[in-house]
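The block underneath contains the structure these notes are about, expressed in structure tokens.
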Amino acid sequence: MSSRSQSPLIRALNVQLPEMVSTLRRYVEQESPSGSPDAIASVVSLIAADFARLSGRIRLHTLSGRASKHFGPALQIDFKGPRRAPRLLLLGHTDTVYPIGTLSTTPWRERAGRLYGPGAFDMKGGIVQALFALRAMLAEGPLPCALTLLLVPDEEIGSPASRTLTERLARNADAVLVLEPASGAKGACKTSRKGVARYTLRVHGVAAHAGLDFEHGASAIVEAARQVLAISALSRPEKGITLNPGLISGGTRSNVVADLAEIVVDARFLTASQASRLDVELRKLHPHDRRCKLNLLGGIDRGPFERSTQTARLYRMAARAAAELGFHLAEAAVGGGSDGNLTAALGIPTLDGLGAVGDGAHTSKEFVVAREMPRRSALLVKLITALADV
């Protein structure tokens, strides 16, 4: 599309693209893995300072709970709107999957219109786009609706400490817009996500000397190997159900028949009914060697984000907004979970995947398509404006 045929909003944001890129670089170069509270606090400080210029009310939440000491603060920024207007929640996270030091081997780089760096796509690019969207709106006057931005520090590991805060703020919102990365090269938004469950199967065997007393032992490792096959057999990819025994451990020494082994399983499903049936099947697992015992721990981590009529309505509004800006916005169903699963499960209208366009999440090749950033900011502006008029 030529610059002349672009909407005035996109043209104005295109002028700001160099600043958007430099802002993203600042955020990316402040590494922020989930388990590093000091690093999270540092990136939150950068982000809060940028949003403070927009006169939002900034709150830092020290998260409660046993796991909270492992994470940095959650950042909440509130913007006022007309009293009778809807209230929106913009949802994202500041943590990444990359350990401190990743930048030394995977530094920030710009190449062929792509912006590479740990966490650029998932999801610091989405935070930058929200910043510039709100800045563009406030440059025209007061916001048309009340709005809260919430960035949590632990989404990449299941939001154990921030879940209660997210759900509390979502209950006060009329709709939730999730700033997670878009889907695919064309930037589809996400109208459904699989649910996620995590299980640990502990296998208890009988220890024995592998040379002197082998017959009296019952190997937890051998039993675990059989259980891995049984668990894998429950997968039904054609129905959207997958089980991945992703971690296995056990034993103490090679000359000891192992008396303990553990299997950690990631399970994904499309619907709540699938999750219930899957849980029942897993709890029916029985030992092949009767001398062994099984103990299944865990359960649903995030319920499925199913495509409701409310989500479909939000998507149609976003698609109309995109059309007004001169591009097509598709929708997609994806396998990964997000905090959008939590808000959708509460019955709050939720639309996900409104963040950056790019690829390679959680890999050394993660990138954002630079030229899409102004367009995604413009989409957010248009969608917020449309929701304020409902």
Side-chain angles (χ1 to χ4, degrees), residues 24-49 59-76 91-108 116-128 149-167 169 178-181 193 196-200 244-249 262-268 297-302 336-342 355-356 360-366:
L24 179 56
R25 180 172 184 171
R26 285 193 294 115
Y27 293 176
V28 167
E29 291 187 335
Q30 176 56 64
E31 295 176 292
S32 53
S34 308
S36 180
D38 290 341
I40 293 284
S42 294
V43 78
V44 163
S45 179
L46 289 177
I47 295 167
R59 296 180 62 186
L60 298 180
H61 294 271
T62 301
L63 302 174
S64 60
R66 290 181 300 173
S68 63
K69 65 181 180 180
H70 301 299
F71 311 109
L75 175 61
Q76 177 183 342
L91 188 56
H93 61 90
T94 51
D95 62 321
T96 75
V97 300
Y98 304 96
I100 295 292
T102 300
L103 278 170
S104 63
T105 56
T106 311
W108 169 272
Y116 293 87
F121 180 51
D122 188 10
M123 56 148 281
K124 292 177 179 178
I127 299 172
V128 173
L149 171 69
L150 177 64
L151 302 176
V152 302
D154 57 346
E155 190 275 344
E156 292 291 6
I157 53 174
S159 307
S162 65
R163 180 176 304 214
T164 299
L165 174 62
T166 297
E167 292 176 340
L169 293 180
V178 186
L179 303 172
E180 290 277 2
R193 286 180 177 270
V196 183
R198 290 187 173 89
Y199 293 92
T200 297
N244 178 49
L247 294 172
I248 187 166
S249 61
E262 287 191 350
I263 307 161
V264 181
V265 181
D266 175 288
R268 308 273 169 153
L297 307 173
I300 295 176
D301 180 44
R302 287 190 177 104
S338 82
D339 283 349
N341 291 57
L342 306 180
H362 298 191
T363 76
S364 61
K365 297 178 181 179
E366 180 170 334

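- In this structure, the separation between NZ on Lys365 and CZ on Phe121 is 15.0 Å, given to the nearest 0.5 Å.
- Remark: the backbone N or O of Leu342 is not paired with any side-chain donor or acceptor of Glu167 at under 3.5 angstrom.
- A donor-acceptor pair under 3.5 Å links the side-chain atoms of Thr363 to the main chain of Gly360, judged by distance alone.
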Given Glu155 and Ser338, is the side chain to side chain contact (heavy atoms under 4.5 Å, CB included) satisfied, shown in steps? CA-CA 7 Å; Glu155 190 275 344; Ser338 82; 3.9 Å; yes
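- Tyr98 places a side-chain N or O within 3.5 Å of a backbone atom of His362 that can act as its donor or acceptor partner.
- Judged by distance alone, the side chain of Asp122 and the main-chain N or O of Gly119 form no donor-acceptor pair under 3.5 Å.
- Here the closest heavy-atom approach between residue Pro153 and residue Ser162 is recorded as CD-CB, 4.4 Å.
- To the nearest 0.5 Å, atoms CG (Asp266) and CG (Asp301) are separated by 9.0 Å.
- No side-chain donor-acceptor contact under 3.5 Å links Glu156 to the backbone of Val97.
- Arg268 contributes atom CZ, which lies 10.0 Å from atom CZ of Arg193 (distance to the nearest 0.5 angstrom).
- Considering all non-hydrogen atoms of both residues, Ile263 and Pro245 come closest at CG2-CB, 3.9 Å.
- Heavy atoms only, all atoms of each residue included: Leu91 and Gly340 are closest at CD2-N, 4.4 Å.
- At distances below 3.5 Å, at least one donor-acceptor pair connects side-chain atoms of Glu31 with backbone N or O atoms of Leu103.
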Derivation of the side chain to side chain contact (heavy atoms under 4.5 Å, CB included) call for Leu149 and Gln76: CA-CA 6 Å; Leu149 171 69; Gln76 177 183 342; over 6 Å; no
I would like to know whether Asp95 and Ser32 meet side chain to side chain contact (heavy atoms under 4.5 Å, CB included); could you show each step before the answer? CA-CA 5 Å; Asp95 62 321; Ser32 53; 5.6 Å; no
Show the numbers, then the answer: is there a side chain to side chain contact (heavy atoms under 4.5 Å, CB included) between Ile47 and Lys124? CA-CA 10 Å; Ile47 295 167; Lys124 292 177 179 178; over 6 Å; no
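- Nearest heavy atoms, Thr106 versus Ser364: CG2-O, 3.4 Å.
- With respect to Arg302 and Asp339, a salt bridge is recorded, a charged nitrogen being found less than 4.0 Å from a carboxylate O.
- With contacts defined as side-chain heavy-atom distances shorter than 4.5 Å, the pair Thr96/Pro118 does not qualify.
- Of the possible donor and acceptor atoms, none in the side chain of Glu29 sits under 3.5 Å from a partner among the backbone N and O of Trp108.
- Here the options are Ile40, Val44, Thr94, the test is side chain to side chain contact (heavy atoms under 4.5 Å, CB included), and the partner is Leu151; only Thr94 passes.
- One distance of note links NE2 of His61 with CG of Leu75; it measures 8.5 Å at 0.5 Å rounding.
- Nearest heavy atoms, Ala161 versus Phe71: CB-CD1, 3.9 Å.
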